Structure formats: structure tokens, C-alpha cells
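Written out below as C-alpha cells is the structure these notes cover.
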Amino acid sequence: MAVPELTESSVKTPDTSLRHQVANPLLRWLLMLLGWLAVALGTAGIFLPVLPTTPFLLLAAACFVRCSPTFYRWLIGHPTLGKYLLYYLDGKGMPMKAKIYTLLLMWTSLLVTAFVLLSSLAPKVVLPLIGLGVSWYILHLPTLTLVTEPGGTAEDSPE
């Protein structure tokens with residue numbers, strides 16, 4: 001079996017050539033629609049602290065990898081969104097600044113929703129439990145240390 005040649009583009013992005021592409025045209029269109037909806041919600045999540053960004057972008061990437069390699073490459077190659085996806089997908093983790101920002105916004109949103117906006121007992125119990133689970137997950141992700149070369153700039157930094 002021949003070994004595929006490594007090019008610069010294949011090193012920078014995860015290999016999608018071995019992933020299963022959906023053949024059913026209706027399912028492909030549904031995945032495409034769901035992927036673009038997830039991109040829209042993830043982008044809105046940058047500006048709205050109630051919406052998470054990364055889970056929606058991961059959903060979009062999962063949809064696009066099965067229905068459109070072109071849109072998948074566009075998403076992971078995006079100058080702002082792509083770096084966080086690649087760090088996560090490569091198992092490199094999140095920068096500390098992103099972890100702190102995510103946790104502060106998440107807990108603010110959860111606590112305001114549970115204790116100010118809603119009066120029912122169920123959200124007062126369930127939302128903090130969800131927050132604990134998500135916090136545990138984020139805190140156990142590797143912390144990405146972004147290093148620039150001497151004399152270089154931090155323009156590769158997603159922060």
C-alpha cells in the first residue's frame with residue numbers, strides 16, 4: 001500500500017480523505033443546512049455570551065466533513081474560527097485566556113438564567129450541575145501555550 005505524500009496543506013489541516021462521505025443527496029443537504037446553522041450560531045456566540053461558540057463550530061465541522069470537504073476546509077482554514085478548531089481537533093487544548101473567558105461567561109449566563117430570570121427550582125439545580133460538568137471538562141483540557149519565535153509577532157495567536 002502506498003504511503004500518501006505529505007504536503008504543507010495536509011500537515012496544517014486534519015486529513016479528511018479517509019472519512020466517510022455521505023452519499024444520499026437529501027442527507028447531504030440536511031447536513032449542509034445543519035452545518036451552516038451551526039456556523040451562524042457559533043458566530044453569534046462570539047458576540048452573545050449565552051451561546052457557546054466552539055461546540056457549534058465543532059458541530060459544523062462534523063457536518064461539513066461528511067457532506068462538503070470544501071466547506072470543511074474553509075471552516076478550519078478561517079483566520080479567526082479555524083485556529084480554535086484545529087487546536088481542539090489536534091488535542092492541543094485551549095489557551096488559558098480562552099478557558100478563563102469561557103468559564104466566566106458560561107457561569108455568568110448560567111447563574112443569571114437560573115437565579116434571576118427563572119423562578120422554578122429545576123433550573124436552579126440543573127443549570128449549576130451542567131456548569132460543573134462543562135467546567136470540569138474545560139479545566140481538564142490541555143492548556144495551549146502560544147510561543148512566538150524571537151523577533152516574531154504573535155499574529156498566529158488566536159487571542
Side-chain angles (χ1 to χ4, degrees), residues 11-16 19-20 22 27 29-150 152-159:
V11 172
K12 289 183 180 179
T13 60
D15 182 24
T16 60
R19 306 232 176 151
H20 178 67
V22 173
L27 189 53
W29 278 104
L30 287 173
L31 285 171
M32 183 76 69
L33 181 66
L34 180 60
W36 281 111
L37 177 64
V39 168
L41 290 172
T43 303
I46 294 171
F47 306 103
L48 302 172
V50 178
L51 286 175
T53 299
T54 305
F56 284 120
L57 295 177
L58 289 170
L59 174 62
C63 290
F64 289 156
V65 79
R66 286 167 180 78
C67 71
S68 174
T70 302
F71 288 133
Y72 176 77
R73 284 190 297 274
W74 169 81
L75 183 60
I76 63 171
H78 190 277
T80 303
L81 307 174
K83 291 179 184 176
Y84 283 108
L85 284 170
L86 288 176
Y87 292 148
Y88 183 85
L89 293 172
D90 288 344
K92 294 178 182 175
M94 294 173 69
M96 181 58 75
K97 185 177 178 181
K99 284 184 176 185
I100 292 168
Y101 178 75
T102 300
L103 290 171
L104 284 175
L105 287 177
M106 180 191 68
W107 276 105
T108 301
S109 300
L110 286 175
L111 293 176
V112 167
T113 301
F115 295 103
V116 176
L117 299 177
L118 302 174
S119 60
S120 176
L121 177 62
K124 292 179 187 333
V125 174
V126 172
L127 289 178
L129 289 175
I130 291 170
L132 286 172
V134 173
S135 297
W136 181 88
Y137 177 76
I138 289 173
L139 291 172
H140 283 84
L141 284 174
T143 301
L144 177 67
T145 304
L146 300 171
V147 180
T148 58
E149 296 179 19
T153 63
E155 67 185 63
D156 285 338
S157 169
E159 300 176 322

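None of the values given here were measured: they were computed from a predicted structure.
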Exceeds 12 heavy-atom contacts within 6.0 angstrom, atom CH2 of Trp74: yes
Can you tell me if NZ on Lys99 sees more than 12 non-hydrogen neighbours from other groups inside 6.0 Å? yes
Which atom pair, heavy atoms only, marks the closest approach of Ala60 to Gly35? CB-O, 3.4 Å
Distance-minimising heavy-atom pair for Leu110 and Gly131: CD1-CA, 3.4 Å
Atom CG of Leu75 and atom CG of Leu58: how far apart are they, to the nearest 0.5 Å? 9.0 Å
Distance in Å, Leu34 CG paired with Trp29 CH2, rounded so as to fall on 0.5 Å steps: 14.5 Å
Spacing of Leu85 atom CG and Tyr72 atom OH [to the nearest 0.5 Å]: 8.0 Å
Report yes if the side chains of Leu37 and Leu59 come closer than 4.5 Å at any heavy-atom pair, otherwise no. no
CE on Met32 to CG on Leu27, rounded to 0.5 Å: 11.5 Å
Heavy-atom pair with the smallest gap, counting every atom of Gly91 and Pro142: O-CG, 3.6 Å
Closest contact, heavy atoms only, Met106 versus Val134: SD-CG1, 3.4 Å
Is the backbone of Leu86 close enough, under 3.5 Å, to the side chain of Lys92 for a donor and an acceptor to pair up by distance? no
A side-chain contact here means heavy atoms from C-beta on lying under 4.5 Å apart; do Leu127 and Trp107 qualify? no
Considering only heavy atoms from C-beta outward, does the side chain of Pro128 approach that of Phe115 to under 4.5 Å? yes
Measure the shortest side-chain to side-chain distance between Cys67 and Val22 over non-hydrogen atoms and say whether it is less than 4.5 angstrom. no
Check: Ser68 side chain, Phe64 main-chain N or O, donor-acceptor pair, under 3.5 Å: no
